[in-house]
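First the proteins, then the strands, lettered A, B, ... as listed; each starts at 1. Below, each value reflects all heavy atoms present in this structure, side chains not excepted, and no hydrogens, waters or symmetry copies.
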There are 2 protein chains.
Amino acid sequence: MVTIYDVAKKTGYSITTVSRALNNYSDVSEKTKKVIVKTAEEMGYFPNSFARSLTMKKSFTLGVIFVEDLGVGMKHPFFSAVIEDFKRRVEKFGYDLIFINRYIGNEKKSYIDHAYYRGVDGIIVVCSNYDDPEVVKLIESPLPSVVLNVHTDKTNVVYSNNGHACELVMDHLFSLGHTKIAHIAGASDTFTGKERVNGYKLALDKYDIPFKDTYIVDGGYFSYEGGYEAMNRLLALDEVPTAVFASGDIMAMGAIKAIKDAGLTVPDDVSIVGFDDIELAKHITPSLTTIRQNTELIGKKAADLLINQINNKDEDYSAVMLPVELIVRESTQDITNKE
Amino acid sequence: MVTIYDVAKKTGYSITTVSRALNNYSDVSEKTKKVIVKTAEEMGYFPNSFARSLTMKKSFTLGVIFVEDLGVGMKHPFFSAVIEDFKRRVEKFGYDLIFINRYIGNEKKSYIDHAYYRGVDGIIVVCSNYDDPEVVKLIESPLPSVVLNVHTDKTNVVYSNNGHACELVMDHLFSLGHTKIAHIAGASDTFTGKERVNGYKLALDKYDIPFKDTYIVDGGYFSYEGGYEAMNRLLALDEVPTAVFASGDIMAMGAIKAIKDAGLTVPDDVSIVGFDDIELAKHITPSLTTIRQNTELIGKKAADLLINQINNKDEDYSAVMLPVELIVRESTQDITNKE
DNA sequence: CTGAAAGCGCTTACAG
DNA sequence: CTGAAAGCGCTTACAG
């Protein structure tokens with residue numbers, strides 16, 4: 001590896017001047033700057049990020065934390081899409097992404113410890129279960145951070161407008177003539193799960209549809225199996241709903257499967273709405289009516305918030321709520337003229 | 001931040017001894033080791049990875065490179081699954097993952113430059129287009145690396161047994177009575193694309209089915225749209241195939257859509273086989289008959305190969321070919337008793 | 001079993 | 001505009 005010393009020796013300047021020239025400081029003459037930059041290039045010089053981070057107390061590195069309750073990690077289609085967009089955005093500012101887990105070497109540590117060990121300048125947290133004490137510690141720590149799809153005033157947050165989303169879904173179903181509308185809920189210890197249950201209830205109120213306990217079934221942590229079983233419970237009811245709003249696309253897909261397995265058809269017998277608009281939503285049969293979360297905007301906003309926090313430590317925390325969109329496809333049907 | 005100096009001062013030992021105690025060296029008395037470890041813990045001490053990496057010339061960091069030709073990055077369901085398993089494996093050895101792109105700060109650099117800048121101990125390369133000169137440079141560099149789904153003797157490789165996979169697919173289709181079997185190929189500049197075209201042709205030979213030019217259509221870079229259009233070309237043929245083997249699940253899904261849009265049915269009119277067994281393959285309608293690549297094993301093997309290479313620089317490169325499995329679902333149908 | 005010292009490759013006051 | 005020196009927080013010969 002060629003170091004700053006090698007460049008200094010070759011050009012005859014001191015390492016101080018070389019460093020300043022390479023970092024494009026103003027107080028170096030244009031002429032010597034040119035010489036140094038050219039020589040460095042020829043020699044294939046590269047700064048050593050460790051040495052740089054050590055002196056500057058800044059690593060241009062951001063930690064990504066997936067809380068692994070579901071065990072899917074970066075396989076999760078919604079989160080991985082957000083992270084991909086987040087990554088593209090922060091790269092523009094020179095930041096690289098590093099995954100933070102709960103181990104250092106073989107020893108189990110906390111996320112914070114690991115983040116400090118790796119010297120990240122900030123972290124982005126994506127997970128469903130924010131009650132995890134480790135996550136709480138992380139969010140409340142002074143380390144700049146941004147969390148997705150949750151609300152807290154302890155750090156920066158960005159999330160989709162779940163309330164409006166639920167309203168869009170319910171408006172849509174109601175306009176198609178549905179009143180027996182059930183909800184497959186995401187786990188009650190997740191922010192999104194709770195928010196959407198809320199939104200569902202508010203919409204019922206809006207249309208003066210009485211709320212029925214049996215019409216909310218727990219689908220667990222947004223899994224296919226959870227959706228499948230939840231739907232089976234709805235199908236076993238005396239009064240089977242004509243429409244089901246699932247708190248996530250994967251759960252919706254599980255629900256569709258349950259309906260098919262029961263010998264029924266979507267949307268002829270039951271209309272289904274999902275949430276997320278993952279890549280596959282448009283490719284399944286029937287294609288899924290769902291809420292599109294704007295992953296690109298979420299990733300971009302999260303990046304901007306985090307970088308801004310890093311650069312202005314004293315800044316207040318921000319909460320950004322992003323608009324959503326209802327995507328109508330084949331899984332919902334008008335039943336006003338039916339029977 | 002509390003440093004080794006703070007721990008030294010508090011315990012009265014030198015930083016040398018503190019360092020050795022904390023790293024569990026044998027030449028420290030049990031007693032002082034205990035005191036130092038305990039004090040360090042109480043003080044919330046953590047090693048600084050930059051200082052450590054700087055002196056040790058080892059970062060316990062691995063670079064992940066997604067070559068972004070398709071622009072999907074970590075959204076790709078197959079690659080993200082492999083990386084997730086790779087990550088879990090390397091974490092056991094104390095390695096963290098960092099994403100490597102082609103920028104440092106704002107300047108466009110090569111992957112290698114970036115990898116050196118970040119001081120990674122090794123890299124894992126996942127991409128489809130290995131002709132990219134940047135990728136070639138990377139693979140041929142002395143930096144320990146492992147690449148997925150490609151063959152080269154310049155570095156470590158791990159890939160699925162494409163030849164056997166194709167045989168399984170064709171055996172299956174042939175046993176169901178199909179002889180008019182077409183292939184939707186992955187881009188010809190990808191290793192997997194080429195390998196599977198080969199396997200397809202070999203299997204035709206095996207069954208003495210004459211090869212028809214028109215029965216191989218290019219599906220591009222394994223995309224849904226590519227599969228859709230390729231299938232449309234097949235449907236326009238005078239003699240429409242009764243079965244189609246697509247080089248990837250996403251392409252297969254595009255093909256299924258094209259068939260539906262043409263008013264035909266899978267598998268009644270055309271049987272479809274995919275490749276990968278991504279999460280969704282079993283959830284679409286009809287569920288997809290496909291080749292399961294063992295992502296867990298691929299990730300794990302890649303991790304072991306890379307870590308082994310890092311620890312034994314002189315070791316020869318390895319090529320590991322992993323077994324595959326045919327998963328028969330609803331998208332293929334027996335036509336022996338048909339018509 | 002323990003410690004003083006050098007060195008890893010940078011950046012940044014400070015001095016001129 | 002340029003350079004000598006200190007310091008970031010570690011590890012590792014070397015010496016005792």
Regarding the side chain of A:Arg20, the nearest nucleotide among C:dG3, C:dC14, C:dG9 is C:dC14

Closest to the 5' end of DNA chain C, once B:Gly12 and B:Leu54 are matched to their nearest nucleotides, is B:Gly12

Taking only the side-chain nitrogens and oxygens of A:Ser14, find out if one of them lies under 4.0 Å from OP1 or OP2 of D:dG3.
yes

inquiry  = Whether B:Lys33 contacts C:dC1 is assessed here as follows: a side-chain N or O lying under 4.0 Å from the phosphate OP1 or OP2. Is that the case?
reply    = no

Rounded to whole Å, the CG-P distance (A:Asn23 to C:dG9) equals 17 Å

How would you label the contact of A:Thr32 with the nucleic acid (heavy atoms, under 4.0 Å): base, sugar-phosphate, or nothing?
-> sugar-phosphate

Taken to the nearest whole Å, CD1/B:Ile4 to C1'/D:dT11 is 8 Å

Ranking C:dT11, C:dA4, D:dT2 by distance to the side chain of A:Tyr13, first place goes to D:dT2

Is NZ or CZ of A:Lys9 both nearer than 6.0 Å to the six-membered ring centre of A:Tyr5 and within 45° of the ring axis? no

Atom OH of A:Tyr117 and atom C1' of D:dG9 are separated, to the nearest Å, by 13 Å

May I ask you to say what A:Asn48 touches in the nucleic acid, namely base, sugar-phosphate or nothing, with a heavy-atom cut-off under 4.0 Å? sugar-phosphate

B:Ser19 side chain near D:dC10 phosphate (N/O to OP1/OP2, under 4.0 Å)
no

Rounded to whole Å, the CZ-C1' distance (B:Phe60 to D:dT11) equals 13 Å

>> Within the 4.0 Å heavy-atom criterion, would you say B:Tyr5 contacts the bases, only the backbone, or no part of the nucleic acid?
In response: base

_Please evaluate residues A:Phe78 and A:Phe222 with respect to the criterion ring-ring contact (aromatic ring centres under 6.0 Å, His included), reporting the C-alpha separation (whole Å), side-chain torsions for both, the decisive distance (0.1 Å), and the verdict._
CA-CA 11 Å; A:Phe78 173 69; A:Phe222 302 86; 9.9 Å; no

To the nearest angstrom, the CZ-P distance between A:Phe50 and D:dG7 comes to 24 Å

Original post:
Do the side-chain N or O atoms of A:Tyr25 get closer than 4.0 angstrom to the phosphate oxygens (OP1, OP2) of C:dT12?
Top reply: yes

Name the nucleic acid region contacted by A:Thr3, choosing base, sugar-phosphate or nothing; use a 4.0 angstrom heavy-atom cut-off, strictly under.
sugar-phosphate

Does a side-chain N or O from A:Lys58 land closer than 4.0 Å to OP1 or OP2 of C:dT11, or not?
no

Out of D:dC8, D:dC10, C:dC10, minimum distance to the side chain of A:Ala51 belongs to C:dC10

query: Does a donor on one side chain and an acceptor on the other come within less than 3.5 Å for A:Thr11 and A:Thr39?
result: no

A:Ile36 CD1 to D:dC1 P, in whole Å, measures 13 Å

* Quick one: are A:Leu148 and A:Ile298 in side-chain contact, heavy atoms under 4.5 Å? -> yes

Nearest-nucleotide check on DNA chain C, B:Thr55 vs B:Glu30; residue mapping nearer the 5' end is B:Glu30

Exercise. Looking across every strand, which nucleic acid part, if any, lies under 4.0 Å from A:Thr16 by heavy atom: base, sugar-phosphate, or nothing?
Worked result: base

Discussion item. Measuring to OP1 and OP2 of C:dT2, would you say a side-chain N or O of B:Ser29 lies under 4.0 angstrom away?
Written reply: yes

By the Watson-Crick or G-U definition, both distances under 3.5 Å, C:dG3 is matched with D:dC14

A:Met56 CE to C:dC8 P, in whole Å, measures 21 Å

Of B:Val90, B:Val120, B:Thr61, the one forming a side-chain contact (heavy atoms from CB on, under 4.5 Å) with B:Leu97 is B:Val90

Heavy-atom closest pair (B:Phe79 atom, B:Phe66 atom, distance to 0.1 Å) is CB-CE2, 3.7 Å

Separation of C:dT11 atom P from A:Asp27 atom CG, nearest Å, is 14 Å

